[in-house]
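Each ligand, and each atom within it, is numbered from 1 in the order the structure gives. Note that the coordinates shown come from a computational prediction; the quantities given were computed from them, not determined experimentally. Residue numbers count from 1 along this sequence.
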Amino acid sequence: MARIGQATVAAPANIAFMKYWGNADHALRIPRHNSLSMNVTGAVTTTTVEFDDTFSGDSVTIDGELITGGEADRVSAFLDHVRRLTNTNHFAKVTSQNSFPRGAGIASSASAFAALALASVTALGLEWSNEQLSALARLGSGSASRSIPDGFVEWHAGSDHDSSHAVSLFPAEHWAIVDLITIVQSGAKEVGSTQGHQLADTSPLYEARVTSVPDRLDTMKKALAAKDWQTFGELVESESYSLHAIMMTSHPGILYWSPATVRVLLAVAQWRKEGVLAYCTIDAGANVHVLCQEADVARVKERLEALEGVERVIEGRPTHGARVIE
Ligand code: PMV
């Protein structure tokens with residue numbers, strides 16, 4: 001055996017408050033506009049990467065299962081980027097474990113590619129800046145760029161590979177927002193986000209969305225800095241509707257919601273009328289992220305679990321970005 005190096009990294013998923021949807025450059029995953037997110041506990045990927053010059057190909061094991069086909073190809077294509085950017089030609093053995101059940105309907109690509117990026121670079125004995133690591137993670141999955149820096153994060157769209165990376169705005173301790181990840185559909189979604197990004201600009205509403213992002217992002221960042229919960233929550237929920245309006249009006253249109261999604265949206269709106277200030281945000285799927293403050297977690301969670309069609313509720317709290325653990 002001629003081992004080149006090995007490293008193990010844990011990386012969190014993140015929930016976007018200002019969403020990423022649509023690319024200026026699809027191959028490099030350079031987005032049309034900035035986005036903003038919070039890293040969350042509750043959905044973590046731990047990945048070991050081992051480079052060895054006796055390996056004759058890459059191998060990928062996820063949650064104990066040797067992976068082949070499209071998913072393995074995507075990992076290998078990412079490792080090709082690593083090899084190109086680091087001038088190496090060794091193959092890798094990738095072993096990955098998710099803290100949440102596979103196929104639970106929680107996006108795992110952000111935590112997965114952030115962990116893979118940091119583990120690959122570390123296994124090769126290199127020390128890269130967070131900006132470089134974030135740009136690298138982006139090549140696997142755009143939102144993975146935001147799981148590298150700590151806490152509350154902004155991804156600067158940039159204009160080329162190096163300038164399109166995420167930075168930390170505030171550490172995780174800044175604000176104890178709780179993300180109640182409400183699972184209403186645990187199967188795989190029909191339209192993956194890579195395909196969704198390619199459809200974005202077929203929506204007649206898309207240019208208006210892109211134009212409106214800078215102002216809305218500015219207001220959101222101010223509410224985040226001031227910890228103004230109501231302003232922040234209302235902006236986040238309305239931003240999620242803006243995203244889904246684009247999805248629904250693309251050609252072909254994408255409707256990610258299920259009846260239980262709508263049930264959660266309506267219930268949360270009703271609870272707000274009763275004084276419980278929770279807000280919803282939805283990514284490219286049917287599951288709803290219900291955001292609330294720590295004091296409301298127990299009652300909001302209990303009410304969510306009682307709704308028809310809710311399979312489970314996972315608690316996510318703000319956390320740091322990807323970290324080397326071994
Ligand atoms: O990173 P991707 O290509 O899986 O895209 C993520 C898209 C959304 O989850 C819908 C929004 C976001 O910013 O995370």
*Closest by any non-hydrogen atom to atom 12 (C) of ligand 1: pick that one out of Gln195, Arg146, His197, Arg138.*
Arg146
*asked:* Can you check which of Tyr20, Phe17, Tyr256 brings a heavy atom nearest to atom 6 (C) of ligand 1?
replied: Tyr20
Residues [X] and [Y] bridged, charged N to O under 4.0 Å:
X: Arg83; Y: Asp80; value: yes
X: Arg323; Y: Asp150; value: yes
X: Arg303; Y: Glu274; value: yes

Need the ligand 1 atom indices (1-based, order shown) with element for anything under 4.0 Å from a heavy-atom of [X].
X: Ala16; result: 12 (C), 13 (O), 14 (O)
X: Gly142; result: 1 (O)
X: Lys19; result: 13 (O)
X: Ser141; result: 1 (O), 2 (P), 4 (O)
X: Ala284; result: 10 (C)
X: Ser109; result: 4 (O)

*asked:* So, 4.0 Å and heavy atoms of Ser35: is ligand 1 close enough to count as a contact?
replied: no
_Side chain or backbone, does Thr194 bring an N or O within less than 3.5 Å of an N or O on ligand 1?_
no
*Looking at ligand 1, does any of its N/O atoms fall within less than 3.5 Å of an N/O of Ser143?*
yes
*Take Phe232 and Phe17, measure what ring-ring contact (aromatic ring centres under 6.0 Å, His included) needs, and give me the verdict at the end.*
CA-CA 9 Å; Phe232 186 75; Phe17 298 140; 5.1 Å; yes
*Evaluate ring-ring contact (aromatic ring centres under 6.0 Å, His included) for Trp21 paired with His197, printing each intermediate quantity in order.*
CA-CA 5 Å; Trp21 201 244; His197 294 300; 4.7 Å; yes
*With rounding to the nearest 0.5 Å, note down the distance linking OG1 in Thr88 to CG in Asp53.*
11.5 Å
*Taking all non-hydrogen atoms of both residues into account, name the closest pair between Val49 and Ala92 and its distance.*
CG1-CB, 4.1 Å
*Does any donor atom in the side chain of Trp128 or Thr122 lie under 3.5 Å from an acceptor atom in the other side chain?*
no
